[in-house]
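Remarks on the structure that follows.
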Amino acid sequence: MLVEDIMKRDVVTVEPTDSIRLALLKVHQYRIRHLPVISQGKLVGIISDRDVRDACPSIIGIPREDDEHVLNTPVSSIMRKDVICAHPLDFVEEAALALYDNRIGCLPVVVDDELKGIITETDILHTLVELMGVHYPSSHIEVEVDDRTGLLADVAEIFKEAKCNVTSVLVMPGKHLGKKNLVFRVQTIDPRHLVSKIEEAGYRIVWPRESEGLV
(Lines give C-alpha, C1' and ligand atoms only; values in the text may rest on other atoms or scores of the structure.)
Protein backbone atom coordinates (compact mmCIF):
# COMPACT_ATOMS: atom_id res chain seq x y z
CA MET A 1 0.00 0.00 0.00
CA LEU A 2 1.30 3.44 -0.95
CA VAL A 3 1.10 6.76 0.88
CA GLU A 4 -1.06 8.18 -1.92
CA ASP A 5 -3.67 5.52 -1.14
CA ILE A 6 -4.36 6.82 2.38
CA MET A 7 -3.14 10.43 2.47
CA LYS A 8 -5.57 13.34 2.89
CA ARG A 9 -5.53 15.48 -0.24
CA ASP A 10 -7.67 18.38 0.97
CA VAL A 11 -5.07 19.94 3.26
CA VAL A 12 -5.71 23.00 5.41
CA THR A 13 -2.68 25.31 5.17
CA VAL A 14 -1.41 28.75 6.10
CA GLU A 15 1.09 31.11 4.51
CA PRO A 16 4.21 32.44 6.28
CA THR A 17 2.68 35.92 6.51
CA ASP A 18 -0.57 34.68 8.05
CA SER A 19 -1.03 35.55 11.70
CA ILE A 20 -0.85 33.22 14.66
CA ARG A 21 -4.46 34.27 15.29
CA LEU A 22 -5.51 32.82 11.92
CA ALA A 23 -3.57 29.61 12.57
CA LEU A 24 -5.32 29.26 15.92
CA LEU A 25 -8.72 29.77 14.30
CA LYS A 26 -7.99 27.12 11.64
CA VAL A 27 -6.79 24.61 14.22
CA HIS A 28 -10.04 24.96 16.15
CA GLN A 29 -12.36 25.29 13.15
CA TYR A 30 -11.08 22.20 11.34
CA ARG A 31 -10.11 20.26 14.47
CA ILE A 32 -6.65 19.49 13.17
CA ARG A 33 -3.26 19.20 14.81
CA HIS A 34 -0.93 20.21 11.99
CA LEU A 35 -0.80 23.12 9.55
CA PRO A 36 1.66 23.01 6.64
CA VAL A 37 2.99 26.44 5.72
CA ILE A 38 2.89 27.17 1.99
CA SER A 39 4.57 29.96 0.01
CA GLN A 40 3.95 30.26 -3.74
CA GLY A 41 2.73 26.67 -3.83
CA LYS A 42 5.82 25.29 -2.11
CA LEU A 43 6.09 23.79 1.38
CA VAL A 44 8.31 26.01 3.53
CA GLY A 45 7.43 24.88 7.05
CA ILE A 46 4.92 23.35 9.42
CA ILE A 47 3.31 24.27 12.73
CA SER A 48 1.42 22.11 15.18
CA ASP A 49 -1.46 22.91 17.48
CA ARG A 50 1.06 22.83 20.33
CA ASP A 51 3.24 25.43 18.59
CA VAL A 52 0.20 27.69 18.28
CA ARG A 53 -0.93 27.16 21.88
CA ASP A 54 2.56 27.78 23.24
CA ALA A 55 2.77 31.05 21.32
CA CYS A 56 -0.68 32.32 22.28
CA PRO A 57 -1.47 34.30 25.43
CA SER A 58 -2.95 32.26 28.27
CA ILE A 59 -6.74 32.37 28.45
CA ILE A 60 -6.60 32.26 32.25
CA GLY A 61 -3.90 34.85 32.75
CA ILE A 62 -4.21 38.61 33.13
CA PRO A 63 -4.41 40.26 29.70
CA ARG A 64 -1.17 41.94 28.69
CA GLU A 65 -0.53 44.89 26.41
CA ASP A 66 1.42 42.72 23.98
CA ASP A 67 -1.26 39.98 23.62
CA GLU A 68 -2.58 41.49 20.39
CA HIS A 69 0.94 41.84 19.10
CA VAL A 70 1.55 38.12 19.71
CA LEU A 71 -1.67 37.10 17.98
CA ASN A 72 -0.83 39.26 14.99
CA THR A 73 2.70 37.88 14.68
CA PRO A 74 3.22 35.92 11.43
CA VAL A 75 3.39 32.13 11.67
CA SER A 76 6.84 32.26 10.08
CA SER A 77 8.13 33.19 13.53
CA ILE A 78 7.03 29.86 15.07
CA MET A 79 7.03 27.42 12.13
CA ARG A 80 9.55 24.61 11.88
CA LYS A 81 11.49 24.77 8.64
CA ASP A 82 13.23 21.38 8.81
CA VAL A 83 10.14 19.43 7.73
CA ILE A 84 10.31 15.64 7.36
CA CYS A 85 8.19 14.71 4.36
CA ALA A 86 6.92 11.71 2.42
CA HIS A 87 6.43 11.09 -1.28
CA PRO A 88 3.10 9.80 -2.67
CA LEU A 89 4.83 6.64 -3.91
CA ASP A 90 6.46 5.80 -0.58
CA PHE A 91 5.18 2.65 1.08
CA VAL A 92 2.91 3.18 4.07
CA GLU A 93 5.23 1.15 6.31
CA GLU A 94 8.10 3.50 5.41
CA ALA A 95 5.96 6.49 6.40
CA ALA A 96 5.08 4.75 9.66
CA LEU A 97 8.78 4.19 10.37
CA ALA A 98 9.52 7.87 9.71
CA LEU A 99 6.82 8.90 12.19
CA TYR A 100 8.11 6.40 14.75
CA ASP A 101 11.82 7.17 14.41
CA ASN A 102 11.35 10.94 14.49
CA ARG A 103 8.55 10.97 17.08
CA ILE A 104 6.36 13.23 14.98
CA GLY A 105 2.62 13.24 14.32
CA CYS A 106 2.42 13.86 10.59
CA LEU A 107 4.24 13.83 7.27
CA PRO A 108 3.42 16.36 4.56
CA VAL A 109 3.37 14.55 1.22
CA VAL A 110 5.29 16.48 -1.43
CA VAL A 111 6.55 16.22 -4.99
CA ASP A 112 9.31 18.68 -5.84
CA ASP A 113 8.42 20.67 -2.71
CA GLU A 114 4.79 21.02 -3.87
CA LEU A 115 2.29 19.86 -1.26
CA LYS A 116 0.13 16.98 -2.49
CA GLY A 117 -1.37 15.78 0.79
CA ILE A 118 -0.69 14.89 4.40
CA ILE A 119 -0.50 11.65 6.32
CA THR A 120 -0.89 11.50 10.11
CA GLU A 121 -0.34 8.93 12.82
CA THR A 122 -4.13 8.55 12.96
CA ASP A 123 -4.19 7.63 9.26
CA ILE A 124 -1.52 5.00 9.94
CA LEU A 125 -3.51 3.59 12.86
CA HIS A 126 -6.71 3.35 10.80
CA THR A 127 -4.79 1.64 8.02
CA LEU A 128 -3.27 -0.86 10.46
CA VAL A 129 -6.73 -1.72 11.81
CA GLU A 130 -8.00 -2.34 8.29
CA LEU A 131 -4.95 -4.35 7.24
CA MET A 132 -5.24 -6.51 10.34
CA GLY A 133 -8.93 -7.11 9.67
CA VAL A 134 -9.91 -6.43 13.27
CA HIS A 135 -12.81 -4.19 12.21
CA TYR A 136 -14.70 -7.36 11.18
CA PRO A 137 -15.85 -10.22 13.46
CA SER A 138 -12.81 -12.48 13.62
CA SER A 139 -10.38 -14.37 15.84
CA HIS A 140 -6.67 -14.14 16.56
CA ILE A 141 -4.62 -17.32 16.22
CA GLU A 142 -0.87 -17.28 16.87
CA VAL A 143 1.30 -20.28 16.02
CA GLU A 144 4.93 -20.93 16.89
CA VAL A 145 6.92 -22.61 14.08
CA ASP A 146 10.54 -23.30 13.23
CA ASP A 147 12.28 -20.40 11.52
CA ARG A 148 12.64 -22.04 8.13
CA THR A 149 11.21 -21.73 4.65
CA GLY A 150 7.77 -23.06 3.77
CA LEU A 151 6.08 -23.27 7.15
CA LEU A 152 3.82 -20.27 6.56
CA ALA A 153 2.38 -22.02 3.51
CA ASP A 154 2.04 -25.28 5.45
CA VAL A 155 0.05 -23.68 8.27
CA ALA A 156 -2.03 -21.65 5.82
CA GLU A 157 -3.00 -24.90 4.12
CA ILE A 158 -4.68 -25.99 7.37
CA PHE A 159 -7.01 -22.97 7.18
CA LYS A 160 -7.69 -23.71 3.53
CA GLU A 161 -8.66 -27.32 4.27
CA ALA A 162 -10.92 -26.08 7.08
CA LYS A 163 -12.55 -23.64 4.63
CA CYS A 164 -11.77 -20.72 6.93
CA ASN A 165 -10.91 -17.37 5.39
CA VAL A 166 -7.71 -15.64 6.57
CA THR A 167 -8.02 -11.84 6.60
CA SER A 168 -4.43 -11.03 7.62
CA VAL A 169 -1.09 -12.64 8.44
CA LEU A 170 1.91 -11.31 10.37
CA VAL A 171 5.28 -12.98 10.84
CA MET A 172 6.98 -12.05 14.11
CA PRO A 173 10.22 -13.08 15.84
CA GLY A 174 9.61 -15.91 18.27
CA LYS A 175 10.52 -15.85 21.94
CA HIS A 176 12.62 -18.99 21.55
CA LEU A 177 15.82 -19.47 19.57
CA GLY A 178 15.20 -20.69 16.02
CA LYS A 179 11.47 -19.98 16.22
CA LYS A 180 9.06 -17.45 14.74
CA ASN A 181 5.39 -16.73 15.38
CA LEU A 182 2.75 -16.67 12.67
CA VAL A 183 -0.16 -14.42 13.62
CA PHE A 184 -3.39 -15.08 11.74
CA ARG A 185 -6.64 -13.12 11.83
CA VAL A 186 -9.37 -15.52 10.68
CA GLN A 187 -13.06 -15.04 9.97
CA THR A 188 -14.56 -17.11 12.73
CA ILE A 189 -15.76 -16.30 16.22
CA ASP A 190 -15.05 -19.79 17.58
CA PRO A 191 -11.48 -20.84 16.66
CA ARG A 192 -11.42 -24.08 18.69
CA HIS A 193 -11.76 -26.44 15.73
CA LEU A 194 -8.92 -24.61 13.96
CA VAL A 195 -6.72 -24.75 17.03
CA SER A 196 -7.29 -28.50 17.27
CA LYS A 197 -6.31 -29.03 13.63
CA ILE A 198 -3.15 -26.93 14.01
CA GLU A 199 -2.10 -28.84 17.12
CA GLU A 200 -2.83 -32.16 15.41
CA ALA A 201 -0.40 -31.08 12.69
CA GLY A 202 2.32 -30.74 15.34
CA TYR A 203 2.48 -27.00 15.82
CA ARG A 204 2.41 -25.14 19.13
CA ILE A 205 -0.42 -22.66 19.69
CA VAL A 206 0.71 -19.42 21.35
CA TRP A 207 -2.80 -17.91 21.34
CA PRO A 208 -5.52 -18.65 22.31
CA ARG A 209 -4.11 -20.26 25.44
CA GLU A 210 -5.81 -23.28 26.96
CA SER A 211 -4.66 -22.21 30.41
CA GLU A 212 -6.93 -19.17 30.21
CA GLY A 213 -9.97 -21.18 29.20
CA LEU A 214 -10.11 -19.74 25.70
CA VAL A 215 -9.94 -23.08 23.89
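A quick note: this is a predicted structure, and the numbers were derived from the prediction, not measured.
- In this structure the side chain of Ile205 reaches within 4.5 angstrom of the side chain of Val143, judged on heavy atoms.
- No donor-acceptor pair closer than 3.5 Å links the side chain of Thr13 to the backbone N or O of Pro36.
- One N or O on the side chain of Ser48 and one on the backbone of Asp51 form a donor-acceptor pair closer than 3.5 Å.
- The main-chain N or O of Leu170 is never found under 3.5 Å from a side-chain atom of Arg185 such that the two would form a donor-acceptor pair.
- Checking side-chain atoms of Asp112 against main-chain N and O of Glu114 turns up no donor-acceptor pair under 3.5 Å.
- Using a 4.0 Å cut-off between charged nitrogen and carboxylate oxygen, Arg50 and Asp54 do not count as a salt-bridge pair.
- Applying the salt bridge (charged side-chain N to carboxylate O under 4.0 Å, His left out) test to Arg204 and every residue at least two apart in sequence or in another chain returns Glu144.
- Not a single donor-acceptor pair under 3.5 Å links the side chain of Thr188 to the backbone N or O of Pro191.
- With rounding to the nearest 0.5 Å, the separation of NZ in Lys8 from OG1 in Thr122 is 7.0 Å.
- Ring geometry for Phe159 versus Phe184: interplanar angle of 30 to 60°, hence tilted.
- Hydrophobic cluster membership differs between Val195 and Val206, with clusters built from Ile, Leu, Val, Met, Phe, Trp and Tyr side chains linked at under 4.5 angstrom.
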Evaluate His126 against Ile6 for side-chain contact (heavy atoms from CB on, under 4.5 Å), listing each step before the verdict.
CA-CA 9 Å; His126 287 173; Ile6 69 170; over 6 Å; no

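- Of the options Ile38, Ile32, Val37, a side-chain contact (heavy atoms from CB on, under 4.5 Å) to Leu35 is made by Ile32 and by none of the others.
- Atom NZ of Lys197 sits in a sparse spot, with 12 or fewer heavy atoms from other residues, nucleotides or ligands closer than 6.0 Å.
- Atom NZ of Lys160 is surrounded by 12 or fewer heavy atoms from other residues, nucleotides or ligands within 6.0 Å.
- Put simply, the side chain of Glu4 reaches to within 4.5 Å of the side chain of Arg9, judged on heavy atoms.
- Two residues are said to be in side-chain contact when any heavy atoms from C-beta on lie closer than 4.5 Å; His87 and Val111 meet this criterion.
- Side-chain contact between Leu194 and Ser139 is absent, with no heavy-atom pair separated by less than 4.5 Å.
- Pairing each heavy atom of Ile84 with each of Pro108, the nearest pair is O-CD, 3.4 Å.
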Residues Val3, Phe91; criterion side-chain contact (heavy atoms from CB on, under 4.5 Å); working and verdict
CA-CA 6 Å; Val3 165; Phe91 292 110; over 6 Å; no

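- Shown here is Asp5, whose CG atom has more than 12 heavy atoms of other residues, nucleotides or ligands within 6.0 Å.
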